[in-house]
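Here is the structure we will look at, set down as structure tokens.
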Amino acid sequence: MLHAIKKILLQLVDEIDAGNSNLTEEETLQLLNTLKAIHEPRISKYQACQLLGISRATFDNLVRDGKLPRGTKQQGFKELSWKKSEIFQFAAERQKPQET
């Protein structure tokens, strides 16, 4: 899959260099957002638990309760993985003082 993405990107670069890019601004932004999503670092449940300072059972309960997103299967991970940014966001929200 990465080989196919590389081939498409190289074709786009060649078209841009030749001044023949047919991408609209909206298509360009969509492409950039897709590339960011592909490149975003992912972590395992074990790593997420370490970052949050919680047990695997607590982590599973947070996912079950919808407080953490469900993991996804990604290349390079035998188990589910999570976006590192989502785990950091959850940790930051836990640190905020709760209003009464």
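None of the values given here were measured: they were computed from a predicted structure. Values below: every heavy atom of this structure, side chains too, minus hydrogens, waters and symmetry copies.
To the nearest 0.5 Å, atom CZ of residue R70 and atom CZ of residue R64 are 9.0 Å apart. In this structure, the separation between CD1 on I87 and NZ on K45 is 11.0 Å, given to the nearest 0.5 Å. Once rounded to the nearest 0.5 Å, the distance linking SG of C49 with CG of L62 reads 9.0 Å. With values rounded to the nearest 0.5 angstrom, R42 atom CZ is found 11.5 Å from K73 atom NZ. Atoms OG1 and NZ, on T58 and K67 in that order, are 11.0 Å from each other to the nearest 0.5 Å.
By the criterion of side-chain heavy atoms lying less than 4.5 angstrom apart, applied directly or through intervening Ile, Leu, Val, Met, Phe, Trp or Tyr residues, L29 is not grouped with I8; the two fall into different hydrophobic clusters. I43 and Y46 are members of different hydrophobic clusters when ILVMFWY side chains are connected at heavy-atom separations under 4.5 Å.
Side chain of E27 to backbone of T24: a donor-acceptor contact under 3.5 angstrom is found. Side-chain atoms of Q47 come within 3.5 Å of backbone atoms of S44 as a donor-acceptor pair (strictly under, hydrogens ignored).
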| request: Please lay out, stage by stage, how L80 and T72 fare under the test side-chain contact (heavy atoms from CB on, under 4.5 Å). | output: CA-CA 5 Å; L80 298 176; T72 56; 5.6 Å; no

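Environment of CD in E93: crowded, with over 12 heavy atoms of neighbouring residues, nucleotides or ligands closer than 6.0 Å. In E25, the CD atom is not crowded: 12 or fewer heavy atoms of neighbouring residues, nucleotides or ligands sit closer than 6.0 Å.
For F59, the ring-ring contact (aromatic ring centres under 6.0 Å, His included) criterion is met by W82, not counting sequence neighbours.
Side-chain contact between I54 and R94 is present, with at least one heavy-atom pair separated by less than 4.5 Å.
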